[in-house]
Amino acid sequence: KQERGRMWETEDLNEHKDSEKKHKEKEKTKHKDGSSEKHKDKHKDRDKEKRKEEKVRASGDAKIKKEKENGFSSPPRIKDEPEDDGYFAPPKEDIKPLKRPREEDDADYKPKKIKTEDLKKEKKRKLEEEEVSKETVALGGLEERYPEGIKWKFLEHKGPVFAPPYEPLPENVKFYYDGKVMKLSPKAEEVATFFAKMLDHEYTTKEIFRKNFFKDWRKEMTNEEKNIITNLSKCDFTQMSQYFKAQSEARKQMSKEEKLKIKEENEKLLKEYGFCIMDNHRERIANFKIEPPGLFRGRGNHPKMGMLKRRIMPEDIIINCSKDAKVPSPPTGHKWKEVRHDNKVTWLVSWTENIQGSIKYIMLNPSSRIKGEKDWQKYETARRLKKCVDKIRNQYREDWKSKEMKVRQRAVALYFIDKLALRAGNEKEEGETADTVGCCSLRVEHINLHPELDGQEYVVEFDFLGKDSIRYYNKVPVEKRVFKNLQLFMENKQPEDDLFDRLNTGILNKHLQDLMEGLTAKVFRTYNASITLQQQLKELTAPDENIPAKILSYNRANRAVAILCNHQRAPPKTFEKSMMNLQSKIDAKKEQLADARRDLKSAKADAKVLKDAKTKKVVESKKKAVQRLEEQLMKLEVQATDREENKQIALGTSKLNYLDPRITVAWCKKWGVPIEKIYNKTQREKFAWAIDMADEDYEF
DNA sequence: ACGCAGACTTGGAAAAATATTT
DNA sequence: AAATATTTTTCCAAGTCTGCGT
């Protein structure tokens, strides 16, 4: 595939003059540093001109409108708020989706608070759907307290914490070039240490990584060094590497006091820089420490791996806070790049990173009001989808028959997104990132069609790298019409051509927006994940089982979602061993149990003969012992099962980002499972709104 | 419509903190 | 108390999607 880009490069350049053809092309030929220029579009469409598109617009259902208005809901109007409790949980009616806002209700927005609200909100929920279709609005006015897009009124913080300055290596730690000791200049040395620290990592064996590193490293060298050091393979970083290993070893061996001291320092830092004030609440900041310099590690086959991520200085930093707040002071002798007061965004600090040129931010912790509210809204949007998903499904099935190619492609893509929980698949700049795809960016080479496979008809075999270069491999029976459409889409195309050549995420999302306000491709993932959890919990929870078994059921339900979303992980390095340990524990327990049973039996025999109170008591206690052991054994077995099934599945992402926490809270309440068994402290903080809001009857 | 910057969510790995064994 | 195993937190890359300027 790498030749893919290169190969078409020239052709593309002079090729798209046909303006009309391609939709997607993105030919941006920007040569950044002159080196990389290969982006190119997939020269997909070369043949299909058609472009006839018409207006589709199903028109049918009326529609939602898209006016904009203040969609934001109710930021807690502070003052009146009784302290903590009501933080989120704006009454349902206020909620409304933010993005494509809606109108009316703003007026209403009343900060009534919380709990009591829940009930009402429940009802509202049902009502609410309907109105969506009203038209309207004007948007012009609405000066609300938090008019359109305003995220806060007051914001004050202490600015970021910078990475500690570079500490030169001790004299006795040598670097060798071509077998000879060489003293590096401080800058060159610093960059060398980045490489040395990664020596054990597979990265450093990769050609691209080495090449990128070496190129950037040379930029930091003095002329003299540059003249000498011309071949990375002749560089010997082993002393440096060993030194760092020793350091980390030493760190582990530190005395109690030393460790405590460090801990206290960290706490102090956290206390001072880890919080901000946003609208009368003290909120935890997620990442108040600036990323230290180092070597960029991309994931998968990233063309930029190994490049130097430069040190961020105050002069790179943009501070965002309210006008009436105290502006954080830059480190002495430095100044900020800029101080701005933009309350339409939620970040406190930003800077531009040098590898991709993208902006990085310091934002609030998930436990904050601003994040929690947004999260809650996300699930409300998914619940709205629940109400119209049948209709949408019927519609895309109809669209499989459309005369318009574009509509068919859209319908098939949406079917995949819905059925398989694929990501939208934005297009990416070639050469800037690893070659990964999502639904809309699938290429012909990523699927195989089998009219018949393993006794099933119309099977589509997917095999592609998705986000983070995680492989998606799946064989899925699809409806005949879908299958036929895919054949059609693939006609006359090369493997590297786009499967959906007349579709991209913009087109798809625009269409979704017409189907339901606030609907985008990713809402399907949220919806399908949450609804799956709910269904699976219902199906798997056995009322009579004990708590550990219930938790296993929960984990299995969670796992079903993770599998749906393709959340995979590398099996833990110690997996096999840990499995064996567990097994031997189980065996040991079994033996204990056998012994205990034997004891019990003989005690019973004794009792039969003697019949005195004392032996009876012995029997009782033996019985208890057996029971206890049985329980322990079962707990271990459950644990083993759980672990085994989880070998390559990562549950974290779905738990944190896709599953409506209220489903979990309700389940815990219903079955008497302590919430702590499912959510740890951090998770409970993040989901405080849900813990507070949902009762056992909650339904997604 | 497009191209792009910007803002914010989602993601697994690695590091750090804890818990459990030895 | 040291060694290990497990869980939690941190880290920061990689997506999605919006909105703006053209």
Side-chain angles (χ1 to χ4, degrees), chain A residues 19-20 22-28 30 53 68 98-100 149 151 201 248 251-253 256 259 262-263 266 286-292 294 296-300 302 304-305 309 318 320 342 344-347 350 352-353 355-361 363-366 370-371 374-375 378 423-429 432-434 436-441 466-470 504-510 512-513 518-523 525-526 562 565-570 572-575 577-578 581-582 585 639 643 648-654 656-658 680-683:
Chain A
S19 42
E20 50 187 278
K22 30 281 266 62
H23 302 207
K24 332 192 111 226
E25 358 258 335
K26 51 282 249 49
E27 49 260 283
K28 44 261 307 20
K30 54 221 307 73
E53 323 302 46
K68 52 213 346 67
L98 5 64
K99 280 85 185 307
R100 245 78 231 241
K151 306 290 171 58
H201 205 291
S248 81
R251 218 170 307 129
K252 276 196 281 201
Q253 301 304 326
K256 273 238 170 73
K259 283 184 177 165
I262 292 190
K263 198 171 173 187
N266 285 149
N287 55 324
F288 59 93
K289 292 181 187 160
I290 298 276
E291 297 171 18
F296 176 80
R297 305 144 91 123
R299 302 190 193 135
H302 197 117
K304 298 192 171 187
M305 64 170 82
K309 220 167 69 148
I318 299 175
N320 193 32
D342 182 357
K344 303 267 217 306
V345 298
T346 67
W347 53 267
S350 76
T352 300
E353 153 272 341
I355 303 290
Q356 323 266 4
S358 62
I359 306 171
K360 299 250 185 172
Y361 305 93
M363 291 185 189
L364 299 192
N365 197 73
I370 202 142
K371 294 291 187 189
K374 192 89 185 289
D375 203 35
K378 172 180 75 186
R423 295 186 185 82
N426 285 314
E427 46 261 78
K428 313 165 60 182
E429 262 182 74
E432 300 292 299
T433 61
T436 61
V437 299
C439 188
C440 294
S441 50
K467 184 179 180 183
D468 294 322
S469 292
I470 301 249
N504 61 35
T505 54
I507 294 170
L508 178 63
N509 280 335
K510 202 158 300 163
L512 293 176
Q513 194 60 233
L519 186 61
T520 60
K522 87 185 187 76
V523 178
R525 285 194 114 205
T526 310
C565 293
N566 198 226
H567 291 144
Q568 301 186 253
R569 63 168 179 177
K573 287 193 177 38
T574 57
F575 187 84
K577 185 147 68 96
S578 122
N581 288 163
L582 195 49
K585 266 190 189 172
Q639 208 185 338
R643 191 176 301 182
Q648 310 197 67
I649 309 293
L651 299 185
T653 297
S654 49
L656 242 40
N657 301 302
Y658 288 103
N680 67 28
K681 181 153 86 67
T682 310
Q683 293 165 161

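Protein chains get the first letters and strands the later ones, always in sequence-line order, with residue 1 at the start of each. FYI, side chains are in, hydrogens and waters are out, and symmetry mates aren't considered; it's all heavy atoms of this structure.
Checking C:dT9, C:dC17, C:dA14 against the side-chain heavy atoms of A:A521 singles out C:dC17 as nearest. The A:T520 side chain lies nearest to C:dT18 when the options are C:dT9, C:dT18, C:dA14. Ranking B:dA14, B:dC8, B:dG11 by closeness to the A:K573 side chain, first place goes to B:dA14. Residue A:K428 has its side chain nearest to C:dG15 when only C:dA14, B:dG12, C:dG15 are considered. Closest to the A:K577 side chain, of the nucleotides C:dT4, C:dC17, B:dG12, is C:dT4. Set against C:dT18, C:dT9, C:dC12, the side chain of A:Q513 has C:dT18 as its closest nucleotide. Here the side chain of A:K374 is nearest to one of B:dC8, C:dT8, C:dG15, namely B:dC8. The side chain of A:N581 lies closest to C:dA5, out of C:dA5, B:dT9, C:dG15.
Heavy atoms of A:R299 sit under 4.0 angstrom from at least one base atom. Note on A:Q568: only backbone sugar-phosphate atoms sit closer than 4.0 angstrom, heavy atoms only; bases stay farther off. Using a 4.0 Å heavy-atom cutoff across all strands shown, A:N509 reaches sugar-phosphate atoms only and no base atom. A:K681 comes within 4.0 angstrom of no nucleic acid atom, judged by non-hydrogen atoms across all strands. Counting non-hydrogen atoms under 4.0 angstrom, A:R643 reaches the backbone sugars and phosphates but no base. A:K378 comes within contact range of the sugar-phosphate backbone alone, with a heavy-atom separation under 4.0 Å but no base atom that close. Within 4.0 Å (heavy atoms only), A:G425 reaches sugar-phosphate atoms of the nucleic acid but no base atom. At a threshold of 4.0 angstrom between heavy atoms, the contacts of A:G438 with the nucleic acid are absent. Counting non-hydrogen atoms under 4.0 angstrom, A:I355 reaches nothing in the nucleic acid. Residue contacts shown for A:K585 are limited to sugar-phosphate atoms, with no base heavy atom under 4.0 Å away. At the heavy-atom level, A:F296 lies under 4.0 Å from the strands shown only through sugar-phosphate atoms. As judged by a 4.0 angstrom heavy-atom cut-off over every strand, A:A434 is placed among residues making no nucleic acid contact. Within the 4.0 angstrom heavy-atom criterion, no nucleotide atom of any strand lies near A:T574.
Atom CD of A:E432 is separated from atom P of B:dC4 by 11 Å (rounded to the nearest Å). Whole-Å rounding puts the A:D468 CG to B:dT9 P distance at 17 Å. With rounding to whole Å, A:L651 atom CG is found 13 Å from B:dA13 atom P. The distance from atom CD1 of A:I359 to atom P of B:dG6 is 4 Å, rounded to the nearest whole Å. Taking atom NZ of A:K467 as the reference point, atom P of C:dT16 lies 8 Å away to the nearest angstrom. Look at CD on A:Q683: it is 10 Å from C1' on C:dT7, rounded to the nearest Å. In this structure, A:Q648 places its CD atom 14 Å from C1' of B:dG12, rounding to the nearest Å. When the C1' atom of B:dT9 is taken as reference, atom CG of A:N287 falls 13 Å away, rounded to whole Å.
Considering all non-hydrogen atoms of both residues, A:F296 and A:Q356 come closest at CZ-NE2, 3.6 Å. When all heavy atoms of A:N320 and A:D342 are compared, the closest pair comes out as OD1-N, 2.7 Å.
A side-chain donor-acceptor contact under 3.5 Å links A:K378 to the backbone of A:N657.
Contact check, A:T346 against B:dA7: no side-chain N or O comes under 4.0 Å of OP1 or OP2. In this structure, A:R525 does not reach the C:dT16 phosphate: none of its side-chain N or O atoms is under 4.0 Å from OP1 or OP2. For C:dA13, the OP1/OP2 oxygens have a side-chain nitrogen or oxygen of A:K360 closer than 4.0 Å. A:Q356 has a side-chain polar atom (N or O) that falls below the 4.0 Å cut-off from OP1 or OP2 of C:dA14. Between A:K371 and B:dT9, a side-chain N or O to OP1/OP2 separation shorter than 4.0 Å is present. Between A:T505 and C:dC17 there is no side-chain polar atom (N or O) within less than 4.0 angstrom of OP1 or OP2. Contact between the side-chain N/O atoms of A:S578 and the OP1/OP2 oxygens of C:dA5 is not found at any separation under 4.0 Å. Side-chain N/O atoms of A:K309 include one lying less than 4.0 angstrom from OP1 or OP2 on C:dA13. In terms of phosphate contacts, A:H567 brings a side-chain nitrogen or oxygen within less than 4.0 Å of OP1 or OP2 of B:dG11. At the phosphate of B:dA14, OP1 or OP2 sits under 4.0 Å from a side-chain N or O atom of A:H201. Checking the phosphate oxygens (OP1, OP2) of C:dA14, no side-chain nitrogen or oxygen of A:T436 falls inside 4.0 Å. Note on A:N426: a side-chain N or O is less than 4.0 Å away from OP1 or OP2 of C:dT16.
In terms of position along DNA chain C, the nucleotide closest to A:P292 lies nearer the 5' end than the nucleotide closest to the other residue of the pair A:K522 and A:P292. Across the interface with DNA chain B, nearest-nucleotide mapping of A:N266 and A:I470 shows A:I470 to be the residue nearer the 5′ end. In this structure, A:Y658 and A:R297 both approach DNA chain B, and ranking their closest nucleotides by distance from the 5' end singles out A:Y658.
Under 3.5 Å, the side chains of A:S441 and A:K428 contain no donor-acceptor pair of N or O atoms. Side-chain atoms of A:E353 and A:S358 form a donor-acceptor pair, as typed in the model, at a separation below 3.5 Å.
Under the 4.5 Å side-chain criterion, counting only non-hydrogen atoms from C-beta, A:K304 is in contact with A:E432. Looking at A:C440 and A:L508, their side chains come closer than 4.5 Å, going by heavy atoms from C-beta outward.
Here A:I649 contributes atom CD1 and A:R569 contributes atom CZ; the two are 8.5 Å apart, rounded to the nearest 0.5 Å. Taking NZ of A:K151 as the reference point, atom OG1 of A:T346 lies at 6.0 Å (rounded to 0.5 Å).
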